[in-house]
2 protein chains.
Amino acid sequence: MSDDLDTVFAALADPTRRAILAMLLEDDMAVTDVAEPFDMSLAAISKHLSILARAGLISRERRGRVTWCKLEPDALRAASVWMQGFGQFDRLDFDAFERFLERELGVPANDAE
Amino acid sequence: MSDDLDTVFAALADPTRRAILAMLLEDDMAVTDVAEPFDMSLAAISKHLSILARAGLISRERRGRVTWCKLEPDALRAASVWMQGFGQFDRLDFDAFERFLERELGVPANDAE
DNA sequence: GGCATGTTCAACCTTTCGGTTGAGCTTCCC
DNA sequence: GGGAAGCTCAACCGAAAGGTTGAACATGCC
């Protein structure tokens, strides 16, 4: 089913969702904390998280009344393989990646760590 | 500008457009020929091609009355770099890629060549 | 028990998306 | 010149995306 790639790419097409993924790259987060930096209702963020979860890009686990969100990078593998077929891209380049996070998403890349 | 990633990922989110890219991987094609395998009007394909062109994923060059479409794989670089930051993916795996083309897109991968 | 906290659900609204059809514009060919 | 071929444009349509608000529903705490 091409649904998998559909939902993954569609999920990645939104800058809010990409920013959320970038945040989760640093650490697991509660929904409320995910929502905090965004100028948007909690319900809207909850929807974004559902879309990311449906695409398999994150998982959500409820512990007590807090729902923790966790990045699931494996879901990107299929999409990444698909893309690499077109361009013979370089290997992982974390410098380029961090520059991207800052420039494209406005999310400060974690340079400590 | 995160617009770049927006348009690239949004363009990739549609299975018809991914199939078109896969076709163009084999060779440059005229618009009419691109449209041929799809059960869809020529105008619809023309729109898809515009979206791909706006994302920088293809270019179109008019020669005579025929408009030739050409894959522009460089546009995927930014998106690929972004994605690789999340998963430490393997290098290019063309076998996996070809399996994807067939399974996900229904477009026979070009095993001659 | 009762209230605050954390999150989702449901209904709604507006904009975008993916498709259609029909008209229009070039370009090639006789 | 005139017709066919090769697109694109414009108007339209239904469905999905992305947001809002208000209610609902667990859970933790006093």
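None of the values given here were measured: they were computed from a predicted structure. Just so it is clear: chains get the letters A, B, ... in the order the sequence lines come, proteins before strands, and each one is counted from 1.
- Between A:R60 and A:S46 the shortest heavy-atom distance is NH1-O, 3.9 Å.
- Judged by distance alone, with hydrogens and angles left aside, B:R65 brings no side-chain donor or acceptor close enough to the base of C:dT26 to form a pair under 3.5 Å.
- A:W68 places its CH2 atom 17 Å from the P atom of D:dT27, with the value rounded to the nearest Å.
- Residue A:R17 contributes atom CZ, which lies 12 Å from atom C1' of D:dG19 at whole-angstrom precision.
- Through direct or indirect side-chain contacts shorter than 4.5 Å among Ile, Leu, Val, Met, Phe, Trp and Tyr, A:I51 is connected to no other residue.
- Here A:S41 lies in heavy-atom contact (under 4.0 Å) with a base.
- Closest-nucleotide positions on DNA chain D for A:A10 and B:R60 were compared, and the one nearer the 5' end corresponds to B:R60.
- Across B:P37 and B:M23, no two heavy atoms sit closer than the pair CG-CE, 3.7 Å.
- The separation between B:E61 atom CD and C:dT26 atom P is 19 Å, rounded to whole Å.
- When all heavy atoms of A:A55 and A:V8 are compared, the pair lying nearest together is O-CG2, 3.6 Å.
- The phosphate of D:dG6 (OP1 or OP2) has no side-chain N or O of B:R62 nearer than 4.0 angstrom.
- Side-chain N/O atoms of B:T67 include one lying less than 4.0 angstrom from OP1 or OP2 on D:dC7.
- Shortest non-hydrogen contact noted between B:T16 and B:D14 is N-OD1, 2.8 Å.
- Between the CG atom of A:D33 and the P atom of C:dT5 there is a distance of 14 Å, given to the nearest Å.
- Remark: P of D:dG18 and CZ of A:F38 are 14 Å apart, rounded to the nearest angstrom.
- Using a 4.0 Å cut-off on heavy atoms, the residues of residues 42-55 of chain B that approach DNA chain C are B:A43, B:A44, B:K47, B:H48, B:I51, listed by number.
- Between the CG atom of A:D14 and the P atom of C:dT15 there is a distance of 17 Å, given to the nearest Å.
- Put simply, CZ on B:R63 is 17 Å from C1' on D:dA5, counting in whole angstrom units.
- Scanning all heavy atoms of the two residues, the minimum distance from B:S80 to A:M83 falls at N-CE, 3.6 Å.
- Closest heavy-atom contact between A:A10 and A:R17: O-NH2, 3.1 Å.
- The CZ atom of A:F9 sits 15 Å away from the P atom of C:dG18 (whole-angstrom rounding).
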